[in-house]
Amino acid sequence: MSETETKVPRHVAIIMDGNGRWARDRGLPRIKGHEQGAESVRAVMKAARDLGVEILTLYAFSVENWSRPAAEVNGLMSLLPKFLGKHEHLLHENNCRLRAIGRLGDLPPKTLAELERVMSATAQYSERQLVLALSYGGRAELTDAVRAIAVKVEKGELRAGDIETETLTAHLYAPDLPDPDLMIRTSGEERISNFLLWQLSYAELVFMPELWPDFREAQFEEALSIYAKRSRRFGGLAAC
Ligand code: IPE
Ligand code: IPE
Ligand code: MG
């Protein structure tokens, strides 16, 4: 096996972008793009398993996405429980734990209930993890972390002078997760859009031109091969 073939990222985070444009290009309502996008999620889950990726974090809905028209927001909020019901078996078959990060309390009760049901049904698995970012914002996450730390300081449980980088990490939504090694954004847009601002510090960023509904196994594999050719240095010097 060659050197590059062995460099599989442990944690891949994806900004699944371009569903609306995919639908518009076909004269379809935007929700049809989201439905096709759900098929890409299934395909990428399988590809991640086959290629040996342990953790997949998917940006499914941002705090800013609440500003979209109600019909689209409602469509997305009912798509999630449908998707989970249809594909829950994949999580069980692959020892994959479902988790969620974000301001989950903002989700409609039915969406949250189904999410919580599948999260507890898969909580015992430790081989793989699928993390959905829902009502997620990087700034919101950092704000929530700072608030939780401030409460501890107020209560006298923590001294301000003892706050370290690790303290902040420990107060994130899923503090035990390692940082993503690779962040992929589809649809040709080259920005972070408030995703994992803290955790992406040293991630390799790969921007792919395909719209998310067109992003399947082959494109995921291509993104991983781009990653495998990168040299990560973390501020140090490359090992030659
Ligand atoms: C990404 O696709 C999915 C969500 C943000 C929920 P978009 O809906 O942003 O699609 P475009 O960017 O408008 O094409
Ligand atoms: C980012 O995509 C959010 C998700 C993919 C869930 P957006 O389409 O919302 O981001 P912008 O508006 O293009 O920056
Ligand atoms: Mg978009």
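Just so you know, residue 1 is the first one in the sequence shown, and it goes up from there. In each ligand, atom 1 is the first atom listed, and ligand 1 is the first ligand listed.
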Worksheet item: Taking heavy atoms and a distance under 4.0 Å, where does E189 meet ligand 1: side chain, backbone, both or neither?
Response: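 Neither; nothing of E189 gets under 4.0 Å from ligand 1.
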
Looking only at side chains, do [X] and [Y] share a donor and an acceptor under 3.5 Å apart?
| X | Y | value |
| --- | --- | --- |
| D181 | Y202 | no |
| R42 | S40 | no |
| W212 | S187 | no |
| T57 | H11 | yes |

Discussion item. Would N65 count as a polar contact of ligand 2, with the cut-off being nitrogen or oxygen pairs under 3.5 Å?
Written reply: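 Yes, since at least one N or O of N65 sits under 3.5 Å from an N or O of ligand 2.
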
Worksheet item: So, is Y59 polar-close to ligand 2, with some N/O to N/O distance under 3.5 Å?
Response: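 So ligand 2 has no N or O lying under 3.5 Å from an N or O of Y59.
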
Discussion item. Tell me whether R24 reaches ligand 1 (any heavy atom closer than 4.0 angstrom to a ligand atom).
Written reply: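 It does not, in that no heavy atom of R24 comes within the 4.0 Å cut-off of ligand 1.
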
Item to complete: Compute the minimum heavy-atom distance from A60 to ligand 1 and say whether it is under 4.0 Å.
Response: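 Yes, A60 has a heavy atom closer than 4.0 Å to ligand 1.
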
Worksheet entry | For R68, atoms of ligand 2 separated by under 4.0 Å from a heavy atom |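 Counting from 1, the qualifying ligand atoms are 7 (P), 8 (O), 9 (O).
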
Worksheet entry | Within-cutoff protein neighbour (heavy atom, under 4.0 Å) for atom 12 (O) of ligand 2 |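 No, because not a single protein heavy atom sits under 4.0 Å from atom 12 (O) of ligand 2.
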
Worksheet item: If you measure from atom 5 (C) of ligand 2 to every heavy atom of R191, M16, R185, E64, which option wins on shortest distance?
Response: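 Considering heavy atoms of R191, M16, R185, E64, the nearest to atom 5 (C) of ligand 2 sits in M16.
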
Worksheet entry | atom 14 (O) of ligand 2 - nearest protein heavy atom and its distance |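 That would be S193 OG, 2.6 Å.
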
Discussion item. Need the ligand 1 atom indices (1-based, order shown) with element for anything under 4.0 Å from a heavy-atom of R21.
Written reply: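 The list of qualifying atoms is 11 (P), 12 (O), 14 (O).
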
Item to complete: Confirm or rule out an N/O/S atom of E189, from backbone or side chain, lying less than 2.8 Å from the Mg ion (ligand 3).
Response: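 Of the N, O and S atoms in E189, none lies under 2.8 Å from the Mg ion (ligand 3), which means no.
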
